[in-house]
Amino acid sequence: MAKQIEKTYNPLIEEAIYKRWLEKGYFHAEPDERRQPYTIMMPPANITGRLHVGHALTFTIQDILIRFNRMRGYNTLWMPGTDHASISTEVKIVDAMAEEGLSKRAIGREAFLERAWKWRDEYGGIIVQQLKLLGVSCDWDRERFTMDEGLSRAVYEFFIHLYNKGWIYRAEKLINWCPKCKTTISDAEVEHEDMEGSLYYFKYPIEGGGFIEFATTRPETILGDTAVAVNPDDERFMGVLGKTVIIPFIDRRIPIVADDYVDKAFGTGAVKITPAHDPNDYEVGLRHNLPIINVMNDDGTMNSAAGPYAGQTREECRGNIIADFKRQGLYIKTETISHAVGTHERCGEVIEPLIKMQWFVRMADLAKPALDVYNSGGLKIVPPRAGKIYAHWLENIRDWCISRQLWWGHRIPAYYCEACGKVFVGKEAPETCACGHKRFRQDEDVLDTWFSSALWPFSTLGWPEKTRELAHFYPSNVLVTGYDILFFWVIRMTFAGLEMMGDVPFHDVMFHGIVRDEFGRKMSKSLNNGVDPIQVIQEFGADALRLMLVTGNALDNDTRFFCGRLETSRNFLNKLWNATRFALMNLDGDEPRGEPEVMDKWIISRANQVSKEVTERVDSYDIGMAAQIAYDFVWDEYCDWYVEMVKPRLYNREDPTRPAAMRTLLDTLIVCLKLLHPFVPFITEEIFTILQDKDETLMYAAWPEYSEARFYPEEEEAVDRLKAAVKGIRAARLEMNVAPSKKINAVLVSSDEGVRGFFTDIQKSFAILAGAKETYVRADKTGIDDNAVSVVINGATVYLPLDELVDKDKETERLKREKKKLEAEVERAEKKLVNEGFMKKAPRELIAEERGKLEKYKKMMADVTEQIERLAL
RNA sequence: GGGAGUUUAGCUCAGUUGGGAGAGCGCUUGCCUUACAAGCAAGAUGUCAUAGGUUCGAGUCCUAUAAUUCCCACCA
């Protein structure tokens, strides 16, 4: 009894399928020493996050790799989780509190953390719920959170380990300060933006007479100046070197020093030195033993060291200083310049370099192994140019400031004796200090959120315990992510893994592009051009979204989001659905086997070849091309050709070749489903279930591997000939205005001996494809109606006798066009074959190939000429 | 200031070791052919950014130029 399914595919089934997968535990992986593991660590989603199309892309790619390898028989673990996202989350909570009129300070640390955990429980799972709609097959049983007890333990273990090695230290250094978030940030979090700015020229009076002119972009830092520097080779300043200048308004006396750092050509050649507020000036200050005067508060306002300007904001103070210089006649001019300004990548606030006591990770010894493992090939990065960026960053790495003046995160495991201030680093405060005191105060700061993310590849597997999971699944196979977190995360995971596990956290890193809007712009809140993937899934289904995001994209290229492309994907799914519908309509139940015909062998051979190509592409992370190859095979070869060819055999229940046709139709459909499953898991699973009529999942079905036994080159060539003939006939019919629905009585093939057998074998299919009732195959050309239109292909001429009188002029014209094309081909081949250089240096196979082509086209040209002559009679 | 990418049909993009320029969308023409009109068939469309070079042969390799995007960087 033939089964029936809807005429149009409806993706509404996705939800139920995902639920079934979950219930069956198909996503779960257990360590199994007898099996080869395949592991991906999912980049933990921020608990502040909602799913956006960028997530949809990265998780689709990972799911494709996971599903592919699961089908290939690997013991596949995809580890999911969420990240506490220290600063992002804290900012959100603070904002939410502000709406209630509350502040961090008002409610205190404990109450704040209570709120934060509540926030996490409430919003932390949103993205996880949304991910499920996308169809991701990660092991939810193992879901982790960066502030779980176990993961927190790993953080402290790592911190203490580095501290004991002397690689974590506390020091007063110049750091990046965000006056808005009121915390330090790392170098990686500073974004440098070129901005139009003003360069102000002023002069300081020199003690004993005269002035020295200088230029600055930041007049407010004049209050923290402790020197003026000039280049030691600059003759203009020889006379004033060593003299003292007076900073007006605050009457500070500072020296004029010589330092190589100063560029003679820039500005006036003299630079004001503010060690507390500029990295370069800080270095100069160290060299000349200059005092460091901090003139700013943590919120960016001027402090008491700013004298009369205390309490003003940076911007107010700047205006007032300029006005005061003018008033005293010490202002010279203002120039407009473009210069780089550092901003906080999270809030956009202009960064203030400040001197502060902070915790740092010494990077030199950690960076070296991470660089070595890359240079020696132990870590593969695709695309290769990303590897160069990785190496460059590590070669120029600076120490990592890890302390943050925040509350949400892992609190620094350092304790200070309340009596003598001595520092102890450990999981807990010691009993007694060396000074005999017993009371300690824990460091107030928390760690940079990436400090815990760095451990993700092994902390999630139970480290520092020696778990079976760790032994089996570490290191992971590949990390899939965007370029934006190369420095934040990828590099830090690498050195953390090498240091604590003695091995890379992943063998490969794959970077992909981003999803842009239809105009090629980045999606952003300010442009309001974001696409909500949940809405897309509701309208088109997750499969259509997934397929659209990856199909036909080069591996590291950005992709554009188009509604049109989404429709193309949906249409493809519908095509697949209808191919299934077609198969089901012809299915009888138990299908006997039979000896495959030429066309069966052709599609089997093609499916075999396509399996190989898809496998190779996915293996080399060329996901876009893999999807494209599978897509093209299903639509162009399976649906458009094979299904059409096989129809006469299926329609005739008496046809002895029917079982083989049915068998091949089904088998190939299943190969299609398998090849497509990693990309579009829902529809393929649904169809597989319908076809199998039993509760078996496609997720664990064996991946189609290439086999030499299913390679049929002769059948492939034969079907290529058939396709050429059919295409020629269709074109001729359209030109002669013979409607496709109009069946002509017969097509007649007169062919060379070599291919005659083939046309005899496929007579029925050929007739159907040509829109004729019958096909006759002959050696000679007897019985050709004067009224026949002819189509010449390689090795045969096909005649279409038409009922109506053929317009001989029109037909002659058509044939002449054909002849012209062939002439061009002949000419091209001949030109190559008389070229001495080509004959001497081209590979022998190529020459033989060209000779073959020449012969073929010459023969076809003769055949066409014969047809033209026939009409002329 | 340094580095990387991109430039191919009207639009969006493929093009794996150099060996006859491709897809999707759009467009034109003909079809509701018993899987699918979310479909079928047949078409049209390209100085492969520019200028040189290597080679028998260049979209593909080399050099320069232009446009564009991105990353890195402490010139006040």
Side-chain angles (χ1 to χ4, degrees), chain A residues 5 7-9 174 192 199-200 214-218 221 229 261-263 265-274 278-284 337 339-340 342 353 383 385-386 388-389 392-393 396 483-484 486-487 518 520 522 551-554 556-560 562-565 567-586 616-617 620 622 624-625 628 631-632 636 639-640 643-644 647 651 726-727 730-735 737-743 768 771 825 828-829 832 835-843 845-847 849-850 853:
Chain A
I5 57 175
K7 197 169 165 181
T8 306
Y9 172 62
L174 197 79
H192 295 275
L199 181 64
Y200 304 95
F214 64 95
T216 179
T217 52
R218 304 200 54 199
T221 62
Y261 151 69
V262 181
D263 178 357
F266 192 92
T268 65
V271 188
K272 63 188 248 358
I273 300 297
T274 323
D278 183 276
N280 295 304
D281 293 9
Y282 179 71
E283 296 297 323
V284 174
I337 58 158
H339 66 138
R385 64 191 166 87
K388 286 193 230 163
I389 299 172
H392 183 257
W393 171 272
N396 297 285
Y483 292 99
D484 50 339
L486 172 62
F487 307 129
E518 59 176 313
K522 244 181 182 165
T551 306
N553 243 81
D556 59 327
N557 227 3
D558 291 349
T559 181
R560 290 195 196 195
F562 278 111
C563 254
R565 290 186 57 202
E567 282 167 15
T568 303
S569 295
R570 179 201 54 186
N571 294 353
F572 173 76
L573 299 178
N574 196 48
K575 188 79 183 171
L576 180 67
W577 183 256
N578 272 287
T580 307
R581 190 158 173 264
F582 173 79
L584 289 172
M585 287 170 82
N586 292 286
E616 285 170 357
R617 296 292 183 163
S620 56
D622 195 356
M625 192 49 77
Q628 189 70 57
Y631 176 108
D632 288 343
D636 299 343
C639 291
D640 285 349
V643 167
E644 294 305 321
K647 275 177 178 173
Y651 289 163
V726 169
K727 275 170 168 286
R730 284 169 177 166
R733 286 178 59 125
L734 192 70
E735 190 149 357
N737 294 318
V738 182
S741 52
K742 181 175 161 47
K743 282 238 191 301
I768 284 249
E825 294 293 351
R828 195 193 57 79
K832 271 201 163 177
N835 184 330
E836 262 180 60
F838 179 79
M839 295 305 285
K840 221 186 283 177
K841 294 186 180 170
E845 309 85 67
L846 197 69
I847 294 173
E849 200 183 312
E850 284 300 327
K853 282 181 191 170

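Note: hydrogens, waters and symmetry copies are ignored here, and every other heavy atom, side chains too, is used. Each chain gets a letter, A, B and so on, in the order its sequence line appears, and its residues count up from 1.
Summarising the geometry, the separation between CZ on A:R733 and C1' on B:U29 is reported as 16 Å, rounded to the nearest angstrom. Between the P atom of B:G2 and the NZ atom of A:K388 lies a distance of 17 Å, rounded to the nearest Å. Atom CG of A:N574 and atom P of B:A37 are 8 Å apart (whole Å). Between the CG atom of A:N557 and the P atom of B:U6 there is a distance of 8 Å, rounded to whole Å. Taking atom CD of residue A:E735 and atom P of nucleotide B:G43, one finds them 9 Å apart after rounding to whole Å. Between the P atom of B:C40 and the NZ atom of A:K647 lies a distance of 11 Å, rounded to the nearest Å. Residue A:Y261 contributes atom OH, which lies 8 Å from atom P of B:A76 at whole-angstrom precision. One atom, CG of A:N737, and another, P of B:G30, lie 9 Å apart when rounded to the nearest Å.
Close to B:C74, at under 4.0 Å from its OP1 or OP2, lies a side-chain N or O of A:H192. For B:U33, the OP1/OP2 oxygens have no side-chain nitrogen or oxygen of A:K742 closer than 4.0 Å. Phosphate contact (OP1/OP2 of B:C71, side-chain N/O of A:H392, threshold under 4.0 Å): absent. In this structure, A:N571 reaches the B:G39 phosphate: one of its side-chain N or O atoms is under 4.0 Å from OP1 or OP2.
Residue A:Y200 is classed as having no contact, given no heavy-atom separation below 4.0 Å to the nucleic acid. Among the heavy atoms of the strands lying under 4.0 Å from A:G552 are primed sugar atoms or P, OP1, OP2 only; no base atom is included. Residue contacts shown for A:R560 are limited to sugar-phosphate atoms, with no base heavy atom under 4.0 Å away. Here A:N553 lies out of heavy-atom contact (under 4.0 Å) with every strand. Residue-level contact check: A:F266 touches the bases, meaning some heavy atom is under 4.0 Å from a base atom. In this structure, A:P843 reaches the bases: a heavy-atom distance under 4.0 Å links it to at least one base atom across the strands shown. Nucleic acid contact class of A:T551 (heavy atoms, under 4.0 Å, all strands): none. Residue contacts for A:Y483: at a heavy-atom cut-off of 4.0 Å it reaches no nucleic acid atom on any strand shown. The residue A:K272 sits apart from the nucleic acid: no heavy atom pair falls under 4.0 Å. In this structure, A:D263 reaches the bases: a heavy-atom distance under 4.0 Å links it to at least one base atom across the strands shown. Counting any heavy atom pair closer than 4.0 Å across all strands shown, A:K727 reaches sugar-phosphate atoms only and no base atom.
With P as the reference atom, B:A73 and B:G3 are 15 Å apart, rounded to whole Å. Across the P atoms, B:A58 and B:A66 are found 26 Å apart, a figure rounded to whole Å. The gap from the C1' atom of B:A35 to that of B:U17 amounts to 42 Å, rounded to the nearest Å. B:C31 and B:C70 are spaced 50 Å apart, taking the P atom of each and rounding to whole Å. Of the P atoms belonging to B:C40 and B:A49, the separation is 33 Å, rounded to the nearest Å. Comparing B:G59 with B:G19, their P atoms sit 10 Å apart, to the nearest whole Å. Between B:U7 and B:U45, the distance separating the two P atoms is 24 Å to the nearest Å. Across the P atoms, B:U47 and B:U34 are found 43 Å apart, a figure rounded to whole Å.
Here the OH-OG1 distance, from A:Y9 to A:T580, works out to 10.5 Å after rounding to the nearest 0.5 Å. In this structure, OH in A:Y631 is found 8.5 Å from CG in A:D636, a value given to the nearest 0.5 Å. Atom CG of A:L846 and atom CZ of A:F838 lie 4.5 Å apart (nearest 0.5 Å). Interatomic distance, A:K575 NZ to A:L573 CG, rounded to the nearest 0.5 Å: 13.0 Å. Annotation: the span from A:M625 atom CE to A:E616 atom CD amounts to 13.0 Å, rounded to 0.5 Å.
If you check distances only, the side chain of A:E644 does reach the base of B:A35 with a donor-acceptor pair under 3.5 Å. For B:A41, the base has no donor-acceptor partner in the side chain of A:R730 [N/O atoms by modelled type, under 3.5 angstrom]. Side-chain atoms of A:K575 and base atoms of B:C36 include a donor and an acceptor less than 3.5 Å apart.
Taking 4.5 Å as the limit, some side-chain heavy atom of A:F582 sits within range of a side-chain heavy atom of A:V643.
Nucleotide B:G57 forms a pair with no other nucleotide shown, judged by Watson-Crick or G-U wobble geometry with both contacts under 3.5 Å. Base pairing of B:U7: its partner is B:A66, meeting the Watson-Crick or G-U wobble criterion (both donor-acceptor distances under 3.5 Å). With a cut-off of 3.5 Å on both Watson-Crick or G-U wobble distances, the partner of B:A73 is given as none. When both distances must be under 3.5 Å, the Watson-Crick or G-U wobble mate of B:U17 does not exist. A 3.5 Å limit on both hydrogen-bonding distances identifies B:G43 as the Watson-Crick or G-U partner of B:C27. With a 3.5 Å ceiling on both atom-pair distances, B:A37 lacks any Watson-Crick or G-U wobble partner.
For A:F838, the listed nucleotide lying nearest its side chain is B:G19; candidates were B:C13, B:C40, B:G19. The side chain of A:L846 sits closest to B:G19 out of B:G19, B:C71, B:A23. Counting only heavy atoms from C-beta on, A:T216 has its side chain closest to B:A76 among B:A76, B:C36, B:C75. Closest approach to the A:P279 side chain among B:A14, B:A35, B:C74 is made by B:C74 (side chain taken as heavy atoms from C-beta onward). Side chain of A:A554, nearest nucleotide from B:A14, B:C72, B:A35: B:A14. Considering only the side chain of A:A579, B:A35 comes nearest among B:C74, B:G24, B:A35. The side chain of A:R570 approaches B:A38 more closely than any other nucleotide in the set B:A35, B:A38, B:C25. Minimum atom distance to the side chain of A:M625 is reached by B:A14, of the listed B:A14, B:C72, B:A38.
For the pair A:R565 and A:E518, the salt-bridge criterion is not met [side-chain N within less than 4.0 Å of a carboxylate O]. Electrostatic pairing of A:D278 and A:R218 does not count as a salt bridge here, judged by no charged N lying under 4.0 Å from a carboxylate O.
Two residues, A:E518 and A:D278, neighbour RNA chain B, and the one matched to the more 5' nucleotide by heavy-atom proximity is A:E518. Each of A:R385 and A:D632 has a nearest nucleotide on RNA chain B; the 5'-most of these lies closest to A:R385.
No hydrogens or angles considered: a donor-acceptor pair under 3.5 Å links the side chains of A:Q628 and A:D632.
A:D622 places no side-chain N or O within donor-acceptor distance of the main-chain N or O of A:R617, the cut-off being under 3.5 Å.
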